[in-house]
Amino acid sequence: MAQIRTRFAPSPTGFMHLGVLRTALYAWLYAKKHNGAFILRIEDTDRTRYVEGAVDVIYETLKICGLNWDEGPDVGGDFAPYIQSERRDSYMKYALELVEKDMAYHQDGAIRQKTPSVGNTVFRDEIFGEITVNNTEIEDQVLIKSDGMPTYNFANVIDDHLMNITHIIRGSEFLSSTPKYILLYEALGWKPPVFIHVSPIMRDENNKLSKRDGDAYVSDFIEKGYLIEAVINYIALLGWSPKGENEFFTLDELMNEFSLDGVSKSPAIFDELKMRTVNAHYIRNLAPEKFKELALPFIGNPPENVDVLCAALQPRTELLTDIASQVDFIEKPCDYELDLYNNKKMKTSPETALVALGEALWAIKEHEFSRDDIYNAFKALADDSEVKIGFFLYPLQVALTGKQTAPGGGLDICIMLGKEESVKRIRTAIEKLS
RNA sequence: GGCCCGUUGGUCAAGCGGUUAAGACUCCGCCCUUUCACGGCGGCAACAGGAGUUCGAGUCUCCUACGGGUCACCA
């Protein structure tokens, strides 16, 4: 059997939409799963929409996603060029061939295909099954516009055939125009490729996820602190479901798992909350060094023991961008009211805090500066006075951070900040309480 | 409006004639615990509606409703 060849054919608009990325992903997965080739072709027949640098955005996005292409404008290939505006001559040739065969005609400077007015056009879509359309529904379509450029549909058919594309994976908005494609393949005497239409990603029940919503671009999500692997994983599952229970996949795993029969027919509503939790999962599973590398830019001036900080931050980070608000105490404790020392569960108050902090000072000074040693000191203290250890550690947290919730308990923060800084902050807190 | 397609919890979804109708996210409890998280355990919650076919229908057929797509010399 011939090699499977899929293609991704975006128009260079300057941005990569999530839905577009998913289509590219499916095309890539399908090709790679079957040891096929993934072709990148730029569809720029509409010169009025040309945007400077837009092609680079496409390259960059595919690269960070790991969707490598086997043929394309930059890497070349046996069927170059891969930019439609550079392929102009071939389109006219086939259009004229159809005119020659009396299957198309000139009109107002354009060339239109003659389409039958009786009978049905039937085709099969791998997702939707067999679809039948009455030919009376199909108008004579324009092949070449009066400016000499091919229409999108015509260029597509020609290019896909010339590039030996075997499977066309694209958005379901093309389902309705597929009969036109079929008619064109028939007129040209070519074998149509396999059609695979994928339903759109929706913002809500009524609207597609779109540029107007402001945050539908891949770049938006990266800026928000998403890991690209998480984005890929999430959108892969939007509209496709794997066989087993596992919902987390690397690109390679997706490639192995991917199968057309798991692709759903109905549109899927995008849920950022869920994508966020997928992202959180990816962040938690990062190697500590990797997390540190990604987190550092968001931390500012790191504390004495940055590794402890990162270890505390990692399970508390869903998006890289929510690190900043968690580390605002590192430079100096946040401003706080004495009331913050009141905690019902810990049975603490400003008064008890004063005592607890005095003990904390002792515990830190008299013991090895390690988490375990200081913990044991507090534990003994707590057991002696028959209180929970939080009786000592919660006030410590407040003194060190000025915050009710922190990435780690009092002791963790203490270790993060280091002995000297901790002692300094505890002293300041004691003054404030006195 | 014509044509094409779709419809399982709030969301993603499994299911492909016989199930107590999976799982994940959200939400709510409980446990763990020095806060908050992580983690563990448990819970709430669905076959759009109506006719058929069948011993039996979420699964097949038809109708209705709702939703999407498309009807360009845009892509």
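Below, chains carry the letters A, B, ... as their sequence lines are ordered, and counting in each starts from 1.
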### Message
At under 4.0 Å between heavy atoms, how does the protein contact nucleotides 59-69 of chain B? Give one character per nucleotide, 5' to 3', with B, S or -.
### Response
--------SSB
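- Using Watson-Crick or G-U wobble geometry with both donor-acceptor distances under 3.5 Å, B:C27 finds its partner in B:G43.
- Pair assignment for B:A75: none, as no Watson-Crick or G-U wobble contacts are both less than 3.5 Å.
- When both pairing distances are held under 3.5 Å, B:G2 makes a Watson-Crick or G-U pair with B:U70.
- Contact between the side-chain N/O atoms of A:R284 and the OP1/OP2 oxygens of B:G39 is found at a separation under 4.0 Å.
- Annotation: cation-pi pair A:K145/A:F154 absent, no NZ/CZ under 6.0 Å from the ring centroid and within 45° of its normal.
- In the interface, the side chain of A:K243 is not paired with the base of B:A14 through any donor and acceptor atom under 3.5 Å apart.
- Candidate nucleotides B:C38, B:A13, B:U35 were compared by shortest atom distance to the side chain of A:A268, and B:A13 ranks first.
- Contact annotation: A:R112 reaches the phosphate of B:C73 (side-chain N/O to OP1 or OP2, under 4.0 Å).
- For A:F128, the side-chain atoms get nearest to B:C5 when compared with the rest of B:C5, B:A37, B:U34.
- Side-chain to base pairing of A:R316 with B:C36: one donor and one acceptor N or O lie within less than 3.5 Å of each other.
- The aromatic rings of A:H17 and A:Y217 sit perpendicular to each other, their planes meeting at more than 60°, with 30° as the lower class boundary.
- A cation-pi arrangement is present between A:R170 and A:Y181, with the terminal nitrogen or guanidinium carbon under 6.0 Å from the aromatic centre and inside a 45° cone about the axis.
- Side chain A:T151 to base B:C73: no donor-acceptor pair is found below 3.5 Å.
- Across all strands shown, B:U7 is found opposite B:A65 as a Watson-Crick or G-U wobble partner, with both distances under 3.5 Å.
- A:K265 has its NZ atom 15 Å from the C1' atom of B:A13, to the nearest Å.
- A:Q314 places a side-chain N or O within 3.5 Å of a backbone atom of A:I283 that can act as its donor or acceptor partner.
- As rounded to whole Å, 8 Å separates atom P of B:C73 from atom NZ of A:K180.
- You'll find a donor-acceptor pair under 3.5 Å spanning the side chain of A:R371 and the base of B:U34, going by distance alone.
- Between A:G262 and A:G390, the one whose closest nucleotide on RNA chain B sits nearer the 5' end is A:G262.
- The separation between A:Q326 atom CD and B:C38 atom P is 11 Å, rounded to whole Å.
- In the set B:G23, B:U34, B:U26, B:G23 carries the atom at the smallest distance from any side-chain atom of A:E247.
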